[in-house]
Amino acid sequence: MKKLALLGLCAILCFQVTACGGPGAAQKQKEEAMALLGSDKLESGELVIDGTKYSFPDDVSKWLNGGWHISNRYDNTDTFELEYNVESSEFEVFNDEKTSDYVSMCVINLGMEPIKIDEALVSYLDVDLSKAKDAMYVVLPGGITCDSTREDVKNAYGEPAEEGEDYFQYTYTNADGLDIIIEIDFIDTVHSVIYALADSNWGVITNAEECAQFVDDALKASFYGDYASYVEKKFDTEEGAQLLYENEVEYYANTLMYYLDVDYENVSEEIADGFRDVARDVLGKAKWDMPVVDLPDGANYGSFEITMYPLDFLYIILDGAQAVADSGVEGDEYAQGMLDAAREKVGEVSYLEPVTKTYDIDLNDGVVSADDWSEMDDILMDFME
């Protein structure tokens, strides 16, 4: 009887070794994965999934070109676009070669122009490390796998910045100056790893005072080209803030030309530049009071009241513009006449009756909506109908 039992145990052990490919095969798979990693440090942002190396953050195209596909709401990648500095909702990508392979991610557009999802940067990545036989085989720097314990992780990466009952959290700044958070979760051994761009990469508003300053700084960046504080608080890059200002100038200049019946799409570049110079001078005189913010401590939703002083420029140029219109000149001569009529009144700009408006605050969605920013612009420029 003992002999039969021993033979049965041997059969079970042999089956397990065969099913797993043998200890030697597993060790070889791990060694091959580690050879792909350029560093043993977690700060490298690297990981290997089924023999292919990935990095965080990286373009989502690197995943899609490697056989992964977007599985849900962003499957319409041919049409959906992310605006500048906007992060997507979370979605999954799956792998053609192995239906059990999938990861969750978000992407962000850090460029100046709207882009499709497959052109964006991965800003959040959630990868499971599982012992199931059909699971992805994931190896992190230092040889950390689904078999690694909490002690193994500490030996590989040192003490975490934050430690909970079932997770470690590490933080670092990468070579591109981006703050990264990596969370390693445990169920006995390593269960998942999450990579994320930290909130510290962008300006954070936590109270009413910071919100009032944010609105004031954003308006100064838009109307004055004074974006030092806006950039310092990480609400935008210097390049992005400069573009914000130039877009505001372009909007005012084109609307002014339209108002004066100048063909802004076909006018000479020299005259268009002249209107942009006028726009800069006029916008520099915009005026508003510091917003009064209602945002309870710890709340994500609130409102602010702001008093704005519309510019009277469209009124004070009327007589000169009418004289040009009555003169009968056309084409660039007409456009130049309107530019001269506008330019000579810049020094006389004053303000109409103040307008006080209240707008919603949503700290989870850009603080102030795009429509509300546009309305404030039009009130200050006196473009409201």
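Under a hydrophobic clustering in which Ile, Leu, Val, Met, Phe, Trp and Tyr are joined whenever their side-chain heavy atoms come within less than 4.5 Å, directly or via other members, Leu314 and Val349 fall into the same cluster.
Looking at Tyr157 and Pro141, their side chains come closer than 4.5 Å, going by heavy atoms from C-beta outward. Taking 4.5 Å as the limit, some side-chain heavy atom of Val122 sits within range of a side-chain heavy atom of Phe56. Taking the side chain as every heavy atom from C-beta outward, Val138 and Ile49 approach each other to under 4.5 Å. Side-chain contact between Val193 and Ile182 is present, with at least one heavy-atom pair separated by less than 4.5 Å. The shortest distance between side-chain heavy atoms of Glu43 and Ile180 does not fall below 4.5 Å.
Within a 6.0 Å sphere centred on CD of Glu246, heavy atoms belonging to other residues, nucleotides or ligands number more than 12.
The heavy-atom pair separating Cys106 from Phe91 by the smallest distance is CA-CE2, 4.3 Å. Closest heavy-atom contact between Ile108 and Ala120: O-CB, 3.4 Å.
In this structure, the ring of Tyr224 has its center less than 6.0 angstrom from the ring center of Trp288. Residues Tyr227 and Phe235 keep their aromatic ring centres 6.0 Å or farther apart.
With respect to the salt-bridge test (charged N to carboxylate O, under 4.0 angstrom), the residues Lys285 and Asp281 do not qualify. With salt bridges taken as basic N to acidic carboxylate O contacts below 4.0 Å, one links Arg276 and Glu269.
Between Trp373 and Phe214, the two ring planes are perpendicular [angle over 60°; tilted spans 30° to 60°].
Looking at Asp378 and Tyr251, their side chains do bring a donor and an acceptor atom within 3.5 Å of each other. A side-chain donor from one of Tyr359 and Glu375 sits under 3.5 Å from a side-chain acceptor of the other.
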